[in-house]
Amino acid sequence: MLDIRYLRDNLEEAEARIKSRGEGYTLAGFRDLDDRKRKLLHANEALKAEKNRLSEEIAKVKDKSTVQQQIAEMRATSQIIKQQDEELKQLDEELRMFLLTVPNLPGSATPLGSSEADNVEVRRWGSAPALDFSPKPHWEVGEALRILDFETGAKLTGARFTLYRGAGARLERALINLMLDLHTEEHGYTEMLPPFMVNRESMTGTGQLPKFEEDLFKMEGLDYYLIPTAEVPVTNIHRDEILKGTDLPVRYAAYTPCFRKEAGSYGKDTRGLIRQHQFNKVELVAFCRPEESSAELERLLGNAEKVLQLLCIHYRVMALCSGDIGFSAAQTYDIEVWLPGQNTFREISSCSNFEDFQARRAAIRFRDGEKKPEFVHTINGSGLAVGRTVVAILENYQQADGSVIIPTVLRPYMGGMERITL
RNA sequence: GGAGAGAUGGCCGAGUCGGCCGAAGGCGCUCGCCUGCUAAGCGAGUAUACUGGGAAACCGGUAUCGAGGGUUCGAAUCCCUCUCUCUCCGCCA
C-alpha cells in the first residue's frame, strides 16, 4: 500500500512511476474519492464534537426535565451522525480497496523496461558443467532413476503434482536441511515453522489479496488459504506490531510447502518439476530500518546465492526491470540457475525489497526510544526453491550412465550417499 | 462435539447503580536527582490512528477498553452476534 499522503502531494509523479510497470494501472479517481471522504469526515467530526460537548452538559444537570429540549435535539443529531458514519464507512472501504489494488512504486535501483527481455544481468557465478554427452532434462533423468514419479503424482491428485520416491524424496529433504542449517547457523536467521494456511488478513498484508485471489487455493467454507509462499505467514508474524528499533534487523528462515493454482499458465512447463501446484521452499524474510533495506536485500541475495555456490552450480543474477517486478516489490533480483538438460537459465530464487509497501498494509512498525513509530522495510527471497534445486542437481550432476553424482556438501545429509543410481 | 469462564494501555490489574474513564494502581521503560560501585530511594514523563492549525516545538478535534451491531442525549460498563483464549468432559495424531 502506498502512503496516502504521498499520493495526495505527488499524484502525477506516482502515476508516472507506476506507468513504468507497463500494466494498465491508473490512479484516476483517487483525488475525487479522497476529497469527498475528507470533506465528510470533517463535517462528521464537527458534529460529534458538538454531541460530546452537549452530552457533557446534560450530564452535569441534576434535573433532567429542564433539558428535554436539548435531549430531543441531540436525538436528531445522533441520527444524522449515524447516517454520516454509514456513508463514511462506504467511502473508507472504497478508498481502502483502491489503495490495496495499487502496486508498489518501482524503486530507483530498478531498471526501466517493459518485459523480461529488459532485465539486466548483474553477474554470473561458476560455469556450466563440461558434459561429454547430450544432457537430458531432469524429468528423464529422474524417471529413469525412479526417483521422480509424475504419473503417480497425477493419479494421486492431478496434473502438476509429483511423487518423489526413495533417494529423490531423501534428496528433497536433504536440501531443505542443508538450506535451513546454512541460513540459521551461518547467516543469522531464526528458524520458523509457520502454519501452511493463513487467513485473509495475512494474505492482504503481503499483497496477495485482494488482487490475486485466482492464484490461491482456498479452503471450502473457511476464510483460510493455502500459502503460496512462506513469505505470507512469516512476514505477518509481526503484523500490527511495533518492534523495538534495537531489535532490527529481524531475520527469519522458514521451510514450507507452497501451493499455487498457476492459473493462466496452461501449457507452460507442463513437464517435470518446474511448475507444480505444490512445491517446497526455504524462504528468507527480513525486517529492517528503511535506510538499511538496500543493503539487506544485497545481503539476503548473497545468502541465497551461497546455496548454489556450496552446491557448485552455475547461475546468474538478474535485476528485474520495472515491467517485470511483482505487485508488491520495489526492487527484485532473480537468481537463475543453469539447466544443461534444457540449455537455459531458470529462476530458482526471487529476492525482493518491498520497502514499506507490505509494512504499511500489515502495520509492521518499529520505534526508536520515545520517537514516533515508523514502518519497517520488508525483504524476502527464496533460499531456495527446493524442487527447482533438485532439478538443477539432476541436470548438472547427471552422468553418461544415467546416474547422478551427489554434490559433496549434500552427502552428510544423504546418509553418506555419493551417487544416485538405479 | 458438550459444559463453563474470560478478552481493558508494553505487561499485570481496577473499573461499584451507564456520564467527571484514554481509562485507578502496580510493574516495566525514559529523563532528572541522589548514591564510592551495585541495589534501593525520590521526582517527572510514558498508547495508537486519522484529522485541523503551525516552519517547528506544540496546540485543538475525532476514534479506539477482542470484532461488529443495538439500546441511550451519553456505553469499557446494558443487550445481541461473531472471533479468539482458558478450564472440564468426550474424541483424536
Side-chain angles (χ1 to χ4, degrees), chain A residues 1-9 30-100 193-205 209 218-225 233 236-248 250 257 287 356-376:
Chain A
M1 193 154 61
L2 300 180
D3 182 359
I4 193 165
R5 273 169 286 208
Y6 168 81
L7 281 184
R8 269 176 207 150
D9 300 340
F30 167 76
R31 186 79 74 193
D32 175 60
L33 192 56
D34 185 49
D35 282 347
R36 276 195 293 151
K37 187 218 140 173
R38 283 206 287 176
K39 216 169 172 184
L40 185 58
L41 183 68
H42 292 158
N44 181 257
E45 288 192 346
L47 219 50
K48 281 179 177 172
E50 174 67 7
K51 181 192 83 173
N52 289 343
R53 201 183 55 75
L54 245 158
S55 283
E56 227 167 291
E57 272 179 31
I58 292 171
K60 285 181 198 150
V61 176
K62 297 266 165 49
D63 181 2
K64 300 295 189 224
S65 64
T66 62
V67 288
Q68 284 311 307
Q69 176 71 22
Q70 281 94 318
I71 287 179
E73 273 175 39
M74 278 301 97
R75 194 171 301 159
T77 306
S78 278
Q79 283 310 309
I80 296 171
I81 289 173
K82 201 176 279 186
Q83 275 174 31
Q84 287 182 340
D85 280 344
E86 198 59 42
E87 278 177 66
L88 207 49
K89 212 167 103 182
Q90 279 178 26
L91 280 175
D92 260 331
E93 184 56 20
E94 217 176 307
L95 198 56
R96 195 181 79 93
M97 283 311 283
F98 173 84
L99 288 172
L100 285 177
L193 183 61
F196 302 159
M197 293 181 211
V198 297
N199 58 28
R200 166 166 292 272
E201 288 70 45
S202 294
M203 284 293 185
T204 305
L209 289 179
K218 188 178 188 204
M219 295 297 111
E220 189 167 344
L222 281 172
D223 217 12
Y224 293 170
Y225 298 81
N236 278 281
I237 288 171
H238 294 300
R239 174 151 49 84
D240 296 321
E241 289 184 8
I242 300 174
L243 302 169
K244 276 196 203 124
T246 49
D247 288 344
L248 297 177
V250 171
F287 306 81
D356 61 8
F357 187 83
Q358 294 181 325
R360 183 169 281 111
R361 287 175 161 245
I364 307 169
R365 293 172 290 172
F366 74 98
R367 187 206 321 255
D368 282 317
E370 301 288 291
K371 289 195 209 148
K372 290 226 91 173
E374 267 187 78
F375 289 112
V376 300

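Note that this is a predicted model, so its numbers are computed, not measured. Below, chains carry the letters A, B, ... as their sequence lines are ordered, and counting in each starts from 1.
Comparing atom distances between the A/Arg75 side chain and each of B/rU48, B/rA63, B/rC73 picks out B/rC73 as nearest. Nearest to the side chain of A/Arg8, among B/rC73, B/rA63, B/rU51, sits B/rU51. Listed nucleotides B/rC73, B/rA47, B/rU62 differ in distance to A/Arg367; the shortest reach to its side chain belongs to B/rA47. Nearest to the side-chain atoms of A/Ala49 among the listed nucleotides B/rG69, B/rG19, B/rG61 stands B/rG61.
No contact: A/Lys37 has no heavy atom under 4.0 Å from any strand. Within 4.0 Å (heavy atoms only), A/Arg200 reaches no atom of the nucleic acid at all. Here A/Asn52 lies in heavy-atom contact (under 4.0 Å) with sugar-phosphate atoms only. Among the protein residues, A/Leu54 comes within range of no part of the nucleic acid, since none of its heavy atoms lies under 4.0 Å from any strand. Within 4.0 Å (heavy atoms only), A/Arg53 reaches no atom of the nucleic acid at all. Residue contacts for A/Lys39: at a heavy-atom cut-off of 4.0 Å it reaches no nucleic acid atom on any strand shown. Within 4.0 Å (heavy atoms only), A/Lys371 reaches no atom of the nucleic acid at all.
Using a 4.0 Å cut-off, some side-chain N or O of A/Arg38 falls inside it from OP1 or OP2 of B/rG52.
With P as the reference atom, B/rG32 and B/rG19 are 41 Å apart, rounded to whole Å.
Between A/Phe357 atom CZ and A/Met1 atom CE the span is 8.5 Å, to the nearest 0.5 Å. Note: A/Arg361 CZ to A/Glu201 CD = 13.0 Å, rounded to the nearest 0.5 Å.
With a cut-off of 3.5 Å on both Watson-Crick or G-U wobble distances, the partner of B/rG36 is given as none. Searching all strands for a Watson-Crick or G-U wobble partner of B/rG60 with both distances below 3.5 Å returns B/rU51.
A/Tyr224 OH: 12 or fewer foreign heavy atoms inside a 6.0 Å radius.
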